[in-house]
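Notes follow once the structure below has been shown.
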Amino acid sequence: MKIAGHLMLPDPAQAAFGGERVRLAPGWLRIEGGVIAEVVEGDIPDDADAGGTGSVVCPGFIDAHMHLPQFGIIGAHGLGLLDWLERVTFPAEMRWADTDTARRDTRAAVRRMLGAGTTGFAAYATVHAEGARAALDEAQRAGVRAHIGQVLMDRGAPEALCRPAGQLLEEAAALQSAYPTDGRVSAAITPRFAPACSAALLEGAGALARATGALVQTHLAETRAECVLVGELFDGQGYLDVYRAAGLLGPRSVFGHGIYLGGADLSALAESGGAVAHCPLANSFLMSGRLDASGVLASGAGMALGSDIGAGYEVSMVRVARAMLETAGALRISDAGRGPETVPTAAQAWWRITAGNARALHWPDAGRLALGAMADLVLVCPDADTKRTLFTAPTSAVDPLAGLLFGWDDRWIERVLLQGRPAGPIPDE
Ligand code: GUN
Ligand code: ZN
């Protein structure tokens, strides 16, 4: 199969804000056996199987942090994190006691994500082992790439959502056997956050992570109130130190939010090779704060980008990327000392939601249009006006990557390919 258009290619040129970025170049791809077999830069051919002069070929977008059971609570506005969890989120997650509900929710979530061009994601399920297994099964059936974790909680939540640590660790280990780390869909180790986990549960999760090499995902320093609570629950230990003591700080760890980390925390995170998952829309929605993303990157720590559905309210990773730029801009307004390099460019934003997130999720063959990479692709066909101004005008005042980012419309998505094949349709039942 030959797919043609303006190719969104990795561009390793060094710059501020973490360096890497993408560039657009005309050309075509040949796809064979589900992978990219050829990348050719040059004239856009008119005999391709898909795409053409007005099309943009993007790597599938990747969401590094989201919650499958939370689509139904998008928009529960006006609460801070801990109240939102208690009043809105935990009741919604109780629904997954019914495994059919977990299946249906997962199918609907995957359909929404594919509709927005997301072909890979790292997701939280709920505490229900069978619900988590159903989510893994459904993701595999849909053909997406995913890390999905059973949420581990043994305190600090309604009784219906807590389990003894021993039971959770057995269930999580069984899911590891069923969906090992090297699969297209794999089970992630997912202690929800320190306030909902005993030290014994965290330590058990750390041991399982060491034994399996699975992705670890949890929340970290999202709000000030939560940081105070962790200090109270863990004898005054720092939040990241709690995870480190449990063996949960490592190169395969992705920590949601990380707004309230000090310099020593960031250094420890950088040394570990782990990453923060920046969730700018959830951070504004729950009024949690603003992540200094350029500070995280300057420390050498990794940074991924997540929708954090359902505290975040945008499924589209393009709009999440835009929110990252807006947050960086807002920080710059409030601090005159911050230079232009603290605000990412559009080329860097596109890199973050593709190759950058693939790196954080340890998928070396995802998120890039490169030889041998998985053909998880989004074929974008902007409306005629956008095409004319970005691709055919003799000179454009707008960088095409910025024009696409800020003018983005999900209706431009013409086709989503998973391993070279059209995605879906995903039935309701
Ligand atoms: N911290 C613990 N659980 C959650 C969750 O579900 N969403 C967000 N945004 N933060 C959390
Ligand atoms: Zn989250």
Side-chain angles (χ1 to χ4, degrees), residues 16-20 64-65 81 122 124 147 149 152 188-280 282-283 288-306 308 324 327-328 331 342 352 356-357 359-362:
F17 207 86
E20 297 91 339
H65 180 120
L81 171 68
Y124 292 57
H147 296 286
L152 309 179
I189 293 167
T190 311
R192 180 173 216 121
F193 68 158
C197 301
S198 64
L201 179 56
L202 292 175
E203 271 164 34
L208 191 56
R210 252 191 322 278
T212 59
L215 192 86
V216 172
Q217 52 180 357
T218 187
H219 295 89
L220 169 67
E222 179 177 359
T223 66
R224 289 201 176 89
E226 167 204 1
C227 294
V228 169
L229 183 58
V230 170
E232 286 166 9
L233 291 168
F234 290 89
D235 293 331
Q237 274 189 89
Y239 205 156
L240 190 67
D241 295 332
V242 169
Y243 291 141
R244 180 168 39 191
L248 289 165
L249 176 60
R252 300 184 69 88
S253 302
V254 181
F255 297 98
H257 307 278
I259 300 174
Y260 299 101
L261 296 176
D265 293 325
L266 288 174
S267 301
L269 184 59
E271 203 174 310
S272 75
V276 160
H278 181 16
C279 304
N283 293 344
S288 304
R290 290 192 183 112
L291 177 73
D292 174 8
S294 71
V296 170
L297 292 170
S299 78
M303 194 187 78
L305 205 52
D308 198 19
M324 170 181 70
T327 299
L331 281 171
T342 62
R352 289 259 151 225
N357 274 355
R359 180 192 288 173
L361 300 184
H362 294 262

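In this text the structure is predicted, and so the values were computed from the model without any measurement. Values reported hereafter were calculated over all heavy atoms of this structure, with side chains retained and with hydrogens, waters and symmetry mates removed.
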Take D265 and S267 through the test side chain to side chain donor-acceptor pair (under 3.5 Å) and record every step on the way to the result. CA-CA 5 Å; D265 293 325; S267 301; over 6 Å; no
Rounded to the nearest 0.5 Å, what's the gap from [atom1] on [X] to [atom2] on [Y]? Could you check?
X: L233; Y: C197; atom1: CG; atom2: SG; answer: 10.5 Å
X: H278; Y: I259; atom1: NE2; atom2: CD1; answer: 8.5 Å
X: L297; Y: T342; atom1: CG; atom2: OG1; answer: 11.0 Å
X: D292; Y: Y260; atom1: CG; atom2: OH; answer: 12.0 Å
X: S253; Y: R244; atom1: OG; atom2: CZ; answer: 12.0 Å

Can you give me the closest heavy-atom contact between [X] and [Y], atom names plus distance?
X: A282; Y: D308; result: CB-OD2, 3.2 Å
X: H147; Y: L361; result: NE2-O, 2.9 Å
X: H219; Y: R192; result: ND1-O, 2.8 Å
X: V254; Y: A277; result: CG1-CB, 3.7 Å
X: P195; Y: L229; result: CB-CD2, 3.8 Å
X: G295; Y: L266; result: O-CD1, 4.3 Å

So, applying side chain to side chain contact (heavy atoms under 4.5 Å, CB included) with L208, which one of L248, I189, V216 is it? I189
Spell out, as yes or no, whether a donor-acceptor pair under 3.5 Å connects the side chain of [X] to the backbone of [Y].
X: N357; Y: L305; result: yes
X: Y239; Y: G231; result: no
X: S288; Y: T223; result: no
X: S272; Y: P251; result: no
X: R252; Y: H362; result: no

Tell me, do L240 and L249 make a side-chain contact under 4.5 Å, heavy atoms counted? yes
Is there side-chain contact between V228 and E232, with heavy atoms separated by less than 4.5 Å? yes
Just checking H257 against F193, ring centres under 6.0 Å apart? no
I want to know whether Y243 and F255 have ring centres closer than 6.0 Å. yes
Let's go through T218 and L202 carefully: what are the C-alpha distance in whole Å and the side-chain angles of both, what is the deciding distance for side-chain contact (heavy atoms from CB on, under 4.5 Å) to 0.1 Å, and is it a yes or a no? CA-CA 11 Å; T218 187; L202 292 175; over 6 Å; no
